[in-house]
**Student:** 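The structure's right below; bear with me while I get my questions together.
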Amino acid sequence: MEISHQVPWASLFWERRFSSSLPIGQTTFLLLSPRKWRGMVLFFKTNLVGHSLIISTEAEFNHFIFQNEGKLFQCCYPKSFNEIAGRDNLVSAEGFMHKYLRNLVMNLVGNETMRTKLIPKVEKTICKNLQRWCGQASVELKEAVAKMEFGFGAKILLSYSESKSSKSLRQAYADFQHGLISFPLNLPGTAYRKCLQGRKKAVGIIKSILEERRATPETRKERDFLDLVIEEMKKKGSLMTEETAVDLLFILVFAAFETTSTALTLAVKNVGEHPKVLEELAKEHEAILRNRKNTDQSGITWQEYKSMTFTHMVINETVRLANIVPGIFRKVLKDVEIKGYTIPAGWIVMVCPPAVHMDPKQYDDPFVFNPWRWQGQELNSGSQTFMGFGGGARLCAGAEFSKLQMTVFLHYLVTKYRWRVIKGGDITRIPAVVFPNGFHIQILEKNTIPEDAAAT
Ligand code: HEM
């Protein structure tokens, strides 16, 4: 690991990945003539399970890769990823198929749907859960939020309810997640085998819901995403086969709960550790309540949501530091010239967002949680220096939806409740962000005194 002092984030990623996930065999870390630019290694060559791989740690080149999606670069995740995410999964789909699937997803979580349909539903779910957690001695926030997001996602996608089902979709995803980032060795006892088994169970449940729905199209009060998918399947010459439908639903249920729950837990942790941020956040949300002309207004309006600038700054800062997706993989379609080097067609490039997010040339004191650094900037989900949600034509389809959920959660948390940490909150990267001891907090109504404090 001789280069660890030069690219701490990238090397940390590989070190963790290979030491924790590759118990057998050795992957060598090859460093071939790294180009330095303003003191930072731009890119270097290594090898990933037999593939030649360029790791790009440079903002400009990463942006170039995103902007040339489909022309010079193509999405490329390892074969084993397609085995666990499904052959027809949206993340690996290309060209017309990618556009078609992405459009369907935008139908589910695009701005118009969020504005007209999702805000009140998100609010209702969050308020109900916060009320339930309030007063409990301790709530493990990551798991509690993941459960809430899973329930919400499974409902809008499939009208699935864990409590009304004989088989647990949630457990199937827990097994899937357990081995998601592991060496692709399908032998009894391996994490990868467990992951494949989890996928098989989840796919089985989703398939049976799909078949049941097709056999007995009921008249539900509200259409879910599955209704839309089935409608697509019925169209003459449709691209939507049963396999594609199942793979799409499978990946969406997962995407809907895992990433957002991690980001939201980190947001609460960051805000709690920075009293000035909490104060500013509360000020913004209390002003929203105060400025309402109609005092009977029951929920957040789209305009109010859009005006929560400081909250959006807190979310961007959280996602920047979280680096939930540490590597984004692309295949080089044609030879690419970059700063005097040629990257040959067929090679794999890994965009490394953490290296950009933690680069002191891009962000002053990059390890410090400082939402004010976003002041006056466009708070987009992707830019040349912010790639927590990826970029270009494959910018995360759920980025805005994820931000909406975090914003609504923070709104109710800071206006109605207060919280204190009971235990946990440590973070480990394997390379996915995990909380090894959880993040246990107590949530109380804003104007109550905790029992132990009242007793003293
Ligand atoms: C904090 C939360 C989230 C983070 C950090 C995140 C991150 C990302 C990243 C980095 C990518 C790009 C992958 C690539 O270019 O290969 C991506 C793609 C994607 N994400 Fe997210 N995501 C989040 C939440 C969500 C949610 C809530 C959904 C679902 C509703 C979602 C659905 C998707 C989909 C469908 C894609 C593929 C887009 C495409 O290829 O066109 N994500 N996400």
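Note that ligands are numbered from 1 as they come in the structure, with each ligand's atoms numbered from 1 the same way.
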**Student:** May I ask you to identify the nearest protein heavy atom to atom 11 (C) of ligand 1, giving residue, atom name and distance to one decimal place in Å?
**Tutor:**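 The protein heavy atom lying closest is Phe389 O, 3.9 Å.
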**Student:** Name the closest protein heavy atom to atom 37 (C) of ligand 1, giving the residue it belongs to and the distance to 0.1 Å.
**Tutor:**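 Result for atom 37 (C) of ligand 1: Val91 CG2, 4.2 Å.
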**Student:** Could you find the nearest protein heavy atom to atom 13 (C) of ligand 1 and give me its residue, atom name and distance?
**Tutor:**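 Looking only at protein heavy atoms, the one closest to atom 13 (C) of ligand 1 is Tyr77 OH, 3.9 Å.
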**Student:** Quick check: Phe386 with Trp374 (ring centres under 6.0 Å apart)?
**Tutor:**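 Ring-ring flag for Trp374/Phe386: true, centres closer than 6.0 Å.
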**Student:** For atom 23 (C) of ligand 1, which protein heavy atom lies nearest, and how many Å away is it?
**Tutor:** Thr259 OG1, 3.3 Å
**Student:** Is the CD atom of Glu94 crowded by more than 12 outside heavy atoms at less than 6.0 Å?
**Tutor:** yes
**Student:** Indicate whether the side chain of Asn62 and that of Glu58 have a donor and an acceptor atom separated by less than 3.5 Å.
**Tutor:**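 No, no side-chain donor-acceptor pair sits under 3.5 Å.
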**Student:** Looking at Tyr412 and Gly299, what are the two nearest heavy atoms and their distance?
**Tutor:** OH-CA, 4.3 Å
**Student:** Using a 4.0 Å heavy-atom threshold (strictly under), name the region of Ala255 that reaches ligand 1: side chain, backbone, both or neither.
**Tutor:**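 Under 4.0 Å from ligand 1, Ala255 contributes backbone and side-chain atoms.
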**Student:** Taking only heavy atoms of Thr260, which atoms of ligand 1 are found under 4.0 Å from at least one of them?
**Tutor:** 2 (C), 27 (C)
**Student:** State plainly whether the residues Glu143 and Arg170 are in salt-bridge range, i.e. N to O under 4.0 Å.
**Tutor:**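 So Glu143 pairs with Arg170 through a salt bridge.
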**Student:** Under 4.0 Å from a heavy atom of Gly388: give me the atoms of ligand 1 that qualify, with their elements.
**Tutor:**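 Checking each atom against Gly388, I get 5 (C), 7 (C), 10 (C).
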**Student:** Report yes or no: does a heavy atom of Arg330 sit under 4.0 Å from some atom of ligand 1?
**Tutor:**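 So Arg330 counts as touching ligand 1.
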**Student:** Going by the angle between their ring planes, with limits at 30° and 60°, are Trp133 and Phe409 parallel, tilted or perpendicular?
**Tutor:**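 It falls in the tilted class, 30° to 60°.
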**Student:** Could you tell me whether Arg102 approaches ligand 1 through its side chain, its backbone, both or neither, with non-hydrogen atoms closer than 4.0 Å?
**Tutor:** side chain
**Student:** Dump the intermediate steps for salt bridge (Lys or Arg N to Asp or Glu O under 4.0 Å) on Glu231 and Lys234, then the final yes or no.
**Tutor:** CA-CA 5 Å; Glu231 221 170 81; Lys234 284 185 193 153; over 6 Å; no
**Student:** For atom 35 (C) of ligand 1, which protein heavy atom lies nearest, and how many Å away is it?
**Tutor:**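 Residue, atom and distance for the closest contact: Leu90 CD2, 3.3 Å.
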**Student:** Enumerate the atoms of ligand 1 whose separation from the nearest heavy atom of His98 is less than 4.0 angstrom.
**Tutor:** 39 (C), 40 (O), 41 (O)
**Student:** Could you state the interatomic distance from OG1 (Thr113) to CG (Asn111), rounded to the nearest 0.5 Å?
**Tutor:** 8.5 Å
**Student:** If the contact criterion is a heavy-atom separation under 4.0 Å, does Ile328 count as touching ligand 1?
**Tutor:** yes
**Student:** Any donor-acceptor pair under 3.5 Å linking the side-chain atoms of Thr309 with those of Glu284?
**Tutor:** no
**Student:** With a 4.0 Å heavy-atom cut-off (strictly under), which part of Met387 contacts ligand 1: side chain, backbone, both or neither?
**Tutor:**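 Answer for Met387: neither.
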**Student:** If the cut-off is 4.0 Å to any non-hydrogen atom of Gly390, which atoms of ligand 1 fall inside it?
**Tutor:**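 Taking each heavy atom of Gly390 in turn, ligand 1 has 10 (C) under 4.0 Å.
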**Student:** Would you mind checking which non-hydrogen protein atom is closest to atom 40 (O) of ligand 1, with the distance to 0.1 Å?
**Tutor:** Arg394 NH1, 2.9 Å
**Student:** Look at the rings of Tyr363 and His357 and say which category their plane angle falls in: under 30° parallel, 30 to 60° tilted, over 60° perpendicular.
**Tutor:** perpendicular
**Student:** Taking the six-membered ring for Trp, is the centroid-to-centroid distance between Phe66 and Phe61 below 6.0 Å?
**Tutor:** no
**Student:** Is ligand 1 less than 4.0 angstrom away from at least one heavy atom of Lys403?
**Tutor:** no
**Student:** Provide, to 0.1 Å, the distance between atom 2 (C) of ligand 1 and the closest protein heavy atom, together with that atom's residue and name.
**Tutor:**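 The closest heavy atom on the protein side is Ser402 OG, 3.3 Å.
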**Student:** If we ignore angles and hydrogens, is there a donor and acceptor under 3.5 Å between the side chains of Thr342 and Glu337?
**Tutor:**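 Yes, Glu337 and Thr342 have a side-chain donor paired with an acceptor closer than 3.5 Å.
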**Student:** Would you mind checking which non-hydrogen protein atom is closest to atom 21 (Fe) of ligand 1, with the distance to 0.1 Å?
**Tutor:**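 For this ligand atom, the closest protein heavy atom is Cys396 SG, 2.2 Å.
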**Student:** One residue to check: Ala263. Relative to ligand 1, which of side chain, backbone, both or neither has a non-hydrogen atom less than 4.0 Å away?
**Tutor:** side chain
**Student:** What atoms of ligand 1 come within less than 4.0 Å of a heavy atom belonging to Val325?
**Tutor:** 7 (C), 10 (C)
